[in-house]
2 protein chains.
Amino acid sequence: MEQTTAEKILDVAQSLVVAGGYNGFSYADISDAVGIRKASIHHHFPTKAELVQVLVDRYTQRAESGLKSLREHVPGPVEQLQAYLNYWQKCILDASEPFCVCAVLAAEIQMLPDHVASHVRRHFENLAAWLTSVLKAGAEQKLFRLDKSPEEEAQILMACVHGAMLSARALGHPDLFAAIVGPQLARLRA
Amino acid sequence: MEQTTAEKILDVAQSLVVAGGYNGFSYADISDAVGIRKASIHHHFPTKAELVQVLVDRYTQRAESGLKSLREHVPGPVEQLQAYLNYWQKCILDASEPFCVCAVLAAEIQMLPDHVASHVRRHFENLAAWLTSVLKAGAEQKLFRLDKSPEEEAQILMACVHGAMLSARALGHPDLFAAIVGPQLARLRA
DNA sequence: ATTTATCTACCTACTAGTAGGAAGACGCAA
DNA sequence: TTGCGTCTTCCTACTAGTAGGTAGATAAAT
């Protein structure tokens with residue numbers, strides 16, 4: 001077996017969350033897509049809250065290790081940031097993952113189960129921290145020219161990325177992502 | 001009577017949408033909050049899709065007339081933009097409307113009823129158009145210095161605003177909105 | 001022999017939505 | 001003014017369908 005049932009469930013659930021948020025899908029939807037009965041999903045993930053929590057956890061960990069390996073394997077801070085933005089641009093353009101799981105969930109965070117909400121928040125913190133460290137490194141090497149502190153610039157950049165995803169989705173115009181995010185990177189470069 | 005039942009329903013529904021999106025509330029929730037029976041809501045709004053469509057329509061119209069009156073009654077483009085950002089900053093800080101209705105809905109636009117989705121898209125178009133015209137006017141008066149076209153700068157700004165809302169909500173830190181959006185205005189000023 | 005994964009069958013609570021009626025408000029004619 | 005029909009609003013009572021979740025059996029794997 002190349003992929004466990006639990007992983008199939010998580011994959012399907014993730015794309016359903018990306019499409020419509022926490023309340024936008026049901027166990028029946030997963031059941032249909034995976035090809036097992038509804039009750040079998042409960043065997044792997046007793047409750048929906050638990051399922052989404054695991055899903056967000058997996059997403060956060062993957063993101064963290066992906067970002068970490070960018071820092072390790074991509075030469076300079078400018079290129080690291082570019083690679084991050086390229087990743088999302090590709091995901092949006094080919095519609096493979098047209099939105100960040102945690103961004104959708106953040107929009108409805110007020111009515112999310114507590115555990116899910118805190119995991120979503122943590123992803124935002126991790127991403128902001130990563131951007132901060134890249135910007136800081138770039139500024140020290142005089143590759144970036146920051147108007148504000150690395151922390152603040154990271155928050156601005158993160159907001160632009162999420163906002164760009166939202167605009168691209170709302171206006172049904174995937175190219176908007178690059179059009180919004182590109183100039184932001186350009187303006188940071190020294 | 002100072003407020004009709006239909007208006008009460010729309011008000012309650014709007015704050016429920018802001019909190020949890022299209023699938024984050026039910027007629028029963030509205031029923032509880034307004035103090036009428038579930039069936040009575042169907043009298044005013046036969047279907048949920050219709051209710052949300054009217055709600056988005058009302059929201060879009062209010063936004064449009066609000067933005068229009070800013071352009072008419074606030075002296076200069078810089079101040080008009082500032083007033084728009086101040087409005088949202090106030091809404092977020094006092095938690096009276098901590099998120100844009102259309103931004104929440106945009107996040108789940110893929111599974112929204114068609115009519116609702118198109119109304120949401122139109123709000124994004126309207127807002128982008130307003131920002132474009134303010135930026136264009138400001139650039140002509142040498143009050144703004146734009147790196148890109150007014151259209152592109154408007155998209156960037158709109159994305160920042162929505163992203164800032166999202167970050168403020170996700171991180172539970174309302175001040176973040178101003179911290180993100182403030183510098184963006186500052187950098188546009190000539 | 002126990003654990004794991006799946007199934008059928010079911011439950012309760014809730015979903016959006018409907019049917020039909022009661023109470024009142026409206027205008028209008030005698 | 002009274003009385004009549006109509007329209008609006010809200011109600012109780014209901015429907016069919018779906019939500020998340022459970023119980024218990026079966027079969028295979030360890």
Side-chain angles (χ1 to χ4, degrees), chain A residues 1-58 104-105 108-117 119, chain B residues 1-17 19-58 104-105 108 110-117 119:
Chain A
M1 195 192 294
E2 68 268 340
Q3 195 187 26
T4 68
T5 304
E7 277 167 346
K8 280 187 217 164
I9 292 170
L10 286 171
D11 284 351
V12 167
Q14 175 161 328
S15 66
L16 289 170
V17 167
V18 167
Y22 187 87
N23 290 299
F25 75 100
S26 73
Y27 269 41
D29 296 326
I30 300 174
S31 165
D32 288 345
V34 175
I36 67 174
R37 299 287 135 173
K38 223 173 38 122
S40 307
I41 304 170
H42 283 284
H43 169 72
H44 296 279
F45 305 98
T47 68
K48 190 181 184 182
E50 212 165 318
L51 164 60
V52 176
Q53 188 192 315
V54 172
L55 156 60
V56 171
D57 225 32
R58 189 185 68 151
V104 201
L105 293 174
E108 49 187 2
I109 205 164
Q110 298 203 12
M111 42 126 283
L112 253 38
D114 285 348
H115 279 79
V116 177
H119 283 236
Chain B
M1 197 191 296
E2 69 268 343
Q3 195 189 24
T4 68
T5 303
E7 277 167 347
K8 280 187 218 164
I9 293 170
L10 287 170
D11 284 351
V12 166
Q14 175 161 329
S15 65
L16 289 169
V17 166
Y22 187 87
N23 290 299
F25 74 100
S26 73
Y27 271 40
D29 296 326
I30 301 174
S31 166
D32 288 345
V34 175
I36 68 174
R37 299 285 134 172
K38 224 175 36 121
S40 306
I41 303 170
H42 283 284
H43 168 72
H44 296 279
F45 305 98
T47 69
K48 191 182 184 182
E50 212 165 319
L51 164 61
V52 176
Q53 187 191 317
V54 171
L55 156 60
V56 171
D57 224 34
R58 190 186 68 151
V104 201
L105 293 175
E108 48 187 3
Q110 298 203 12
M111 43 126 285
L112 253 38
D114 285 347
H115 279 79
V116 177
H119 284 236

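Every chain is numbered from 1 and lettered A, B, ... according to where its sequence line falls, protein lines coming before strand lines. Only heavy atoms go into these numbers, but all of them, side chains included; no hydrogens, no water, no symmetry mates. Everything numeric here is computed off the predicted structure, so don't read it as measured data.
Among the nucleotides dC7(C), dG21(D), dT18(C), the one closest to any side-chain atom of Ala39(B) is dT18(C). Out of dT8(C), dG17(C), dG21(D), the shortest distance to the side chain of Arg37(A) is found at dT8(C). Side-chain proximity of Thr47(B) to dG21(D), dA19(D), dG17(C): nearest is dG17(C).
In terms of phosphate contacts, His44(B) brings a side-chain nitrogen or oxygen within less than 4.0 Å of OP1 or OP2 of dC10(D). A sub-4.0 Å separation between OP1 or OP2 of dC11(D) and a side-chain N or O of Ser40(B) is present. For dT18(C), neither phosphate oxygen OP1 nor OP2 lies less than 4.0 angstrom from any side-chain nitrogen or oxygen of His43(B). Contact check, Thr5(A) against dT6(C): a side-chain N or O comes under 4.0 Å of OP1 or OP2.
Remark: P of dG17(C) and CD1 of Ile30(B) are 11 Å apart, rounded to the nearest angstrom. In this structure, Asn23(A) atom CG and dT15(C) atom P are separated by 10 Å, rounded to whole Å. In this structure, the NZ atom of Lys38(B) is 12 Å from the C1' atom of dA16(D), given to the nearest Å. If you take NE2 of His42(A) and P of dC10(C), they are 17 Å apart, rounded to a whole angstrom. Between Ile9(A) atom CD1 and dA5(C) atom P there is a gap of 10 Å when expressed in whole angstrom units.
Minimum interatomic distance between Ile41(A) and Tyr27(A) (heavy atoms only, all atoms of both residues): CD1-O, 3.4 Å.
With hydrogens and angles ignored, no donor-acceptor pair closer than 3.5 Å exists between the side chain of Lys48(A) and the base of dG21(D).
Side-chain atoms of Asp11(B) and Gln3(B) form a donor-acceptor pair, as typed in the model, at a separation below 3.5 Å.
Counting heavy atoms of neighbouring residues, nucleotides and ligands inside a 6.0 Å radius, atom CZ of Arg37(A) does not exceed 12 of them. Around atom NE2 of His42(B), more than 12 heavy atoms belonging to other residues, nucleotides or ligands sit under 6.0 Å away. Heavy atoms from other residues, nucleotides or ligands lying under 6.0 Å from NE2 of His115(A) number 12 at most.
Using a 4.0 Å heavy-atom criterion, one finds that Phe25(A) contacts the sugar-phosphate atoms exclusively.
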